[in-house]
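As structure tokens, the structure follows; a few thoughts come after it.
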Amino acid sequence: MAPADQTRKTQARKAQTRKAMPDDTASRLLAWYDVHHRELPWRVSPREHARGVRPDPYRIWLSEVMLQQTTVEAVKSYFRAFVEKWPDVEALAAAPTEDVMKAWAGLGYYSRARNLKACADLVAARGGRFPDTEAGLRDLPGIGAYTSAAITAIAFDRPAAVVDGNVERVVSRQFSITTPLSEAKTEIRAHVEAMVPAARPGDFAQAMMDLGATICTPRRPRCMLCPLREICSAVVSGDPENFPVRLPKADKPQRRGAAFVAMREDGAILLRKRPDKGLLGGMTEVPTTGWTARVDGATTQAAAPFPGDWRRAGTITHVFTHFALELEVFHAHIKGDAPAGHFWSHAHEISGEALPTVMKKAIEAAIPGATKKQRPH
Ligand code: SF4
């Protein structure tokens, strides 16, 4: 076939695909979801839903905040621990902030934990009921456009366009959107808005998420198993992985610093609390230098905050949203009282401290196993 004919044929197929939208997408997806949905600790399954079981808005809100920048697999155990400790929003509101930060440690993006607590306080003060509209939810701390849409759809079964990274990928492929993803957000949202069904909008939102997570994956999508394959234009193009179209990423700036892991004879580790505002605000850390972008920044034991037999214990790296960090880790045995602004955390208490992942890495580099749960002696 001549190239011009091939192009015409492809365009005709794409037009046909678009014509099949949008109703078809929802019914195909819901039928697939009824059989292939993921079992998640906060989810009401389609079968339960059909029996009249309704999701608990508290659990949906909690899971959505936890999922904001973390994977489902990482969130599951944190979610279970939270609902066991704080089964409803009043219980979470009554908890000390410090305990919530400790339970959150390891999930990253710690401003989310502070907002979570502030939101629980507000909802509990208003009688313990979450608003059931996107606008009402967006007024609460830590709830933006995505999370408010997700809670509205999933917890209250109201139509809302829920667009996360998984959904962006599915829609970009389904419609072969060639605009770079950063500029295609409005177009993608319009497609989703047109697809949301009046019946079961919550299951539809979850079906889209599940499809993106399990079938329409970033690499090697499993198109043969996809309920949308007959109406997906990326399949026609032959290379779905080309979508979404992304502009090349700029390298993250590199910062450096040094971390000092001081241990007492009984195994206690010296810690301090970070300022409430800013990066990792309110979390716990071992003493460190500043994190500088200068190659000649202070990263040797000469920068130690107090004298000791500091020895190099290795280098750890950690990638934050806006920069990559490299920390030289030093280890020493220290006697006596904690310096001002610091405290000793006993070996059996370390695993319960509000230590962000970067600090756990630093401590583990100096004392392997120290951040794992240990029995009191
Ligand atoms: S057919 Fe393939 S590319 Fe299209 S939505 Fe399904 S998995 Fe994604």
Side-chain angles (χ1 to χ4, degrees), residues 1 6-40 43 45-46 67 69 71-73 146 149-150 153-154 159-249:
M1 195 184 297
Q6 182 68 53
T7 308
R8 262 197 299 281
K9 199 172 167 197
T10 304
Q11 280 169 347
R13 265 155 140 187
K14 277 191 181 179
Q16 232 178 14
T17 301
R18 290 202 172 93
K19 240 170 119 189
M21 305 295 158
D23 305 342
D24 212 14
T25 306
S27 53
R28 283 167 185 267
L29 265 178
L30 286 169
W32 172 82
Y33 181 71
D34 285 343
V35 181
H36 299 287
H37 62 272
R38 289 177 293 177
E39 299 287 343
L40 302 174
R43 177 174 280 178
S45 72
L67 287 164
Q69 268 124 345
T71 62
V72 165
E73 281 316 307
Y146 167 76
I154 301 170
V162 184
V163 187
D164 68 355
N166 282 327
V167 177
E168 284 175 346
R169 184 168 59 255
V170 173
V171 174
S172 300
R173 290 174 176 172
Q174 195 182 350
F175 294 92
S176 292
I177 293 174
T178 49
T179 314
L181 183 57
S182 53
E183 292 155 27
K185 307 270 178 185
T186 311
E187 187 180 349
I188 291 172
R189 172 166 294 278
H191 281 300
V192 176
E193 279 169 0
M195 287 179 207
V196 175
R200 303 180 64 193
D203 281 350
F204 172 78
Q206 296 177 92
M208 280 292 255
M209 293 172 185
D210 282 16
L211 189 80
T214 63
I215 301 285
C216 195
T217 45
R219 299 273 157 265
R220 300 195 187 162
R222 300 192 293 159
C223 300
M224 289 304 289
L225 303 176
C226 179
L228 305 183
R229 67 184 175 281
E230 283 147 11
I231 55 169
C232 174
S233 61
V235 167
V236 176
S237 79
D239 201 351
E241 282 190 36
N242 285 341
F243 301 96
V245 174
R246 292 179 194 278
L247 295 171
K249 268 190 189 162

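Just so you know, these numbers come straight off a predicted model, no measurement behind them. In each ligand, atom 1 is the first atom listed, and ligand 1 is the first ligand listed. Worth knowing before you read on, the calculation uses all heavy atoms, side chains too, and leaves out hydrogens, waters and symmetry mates.
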> Do you know the tightest heavy-atom contact between D164 and Y146?
Replying inline: CB-CE1, 3.5 Å

>> What verdict does the salt bridge (charged side-chain N to carboxylate O under 4.0 Å, His left out) test give for R173 and D239, after you've listed the backbone C-alpha separation in whole Å, the side-chain angles of each residue and the deciding distance to 0.1 Å?
In response: CA-CA 9 Å; R173 290 174 176 172; D239 201 351; over 6 Å; no

> Are K185 and E168 close enough for a salt bridge, meaning some N to O gap below 4.0 Å?
Replying inline: yes

>> Less than 4.0 angstrom from a charged side-chain N to a carboxylate O is my criterion; do R28 and E230 meet it?
In response: yes

> Is there a heavy atom in Q174 that sits closer than 4.0 Å to ligand 1?
Replying inline: no

So which protein heavy atom does [atom] come closest to, and at what separation?
atom                    : answer
atom 2 (Fe) of ligand 1 : C223 SG, 2.3 Å
atom 3 (S) of ligand 1  : P240 CB, 3.5 Å
atom 1 (S) of ligand 1  : V235 CG2, 3.2 Å

>> Is it true that S45 and E39 share a donor-acceptor pair across their side chains at a distance under 3.5 Å?
In response: no

>> Using modelled atom types and a 3.5 Å cut-off, is there a donor and acceptor pairing between side-chain atoms of E241 and backbone atoms of R220?
In response: yes

> Donor-acceptor pair, D210 side chain versus H37 backbone, under 3.5 Å?
Replying inline: no

> Nearest to atom 4 (Fe) of ligand 1 by heavy atom, G212, C232, A234: which?
Replying inline: C232

Atoms in ligand 1 with a heavy atom of [X] nearer than 4.0 Å:
X    : value
C226 : 1 (S), 5 (S), 6 (Fe), 7 (S)
R229 : 1 (S)
R173 : 3 (S)

> Hey, is atom 4 (Fe) of ligand 1 within less than 2.8 Å of some N/O/S atom on C216?
Replying inline: no

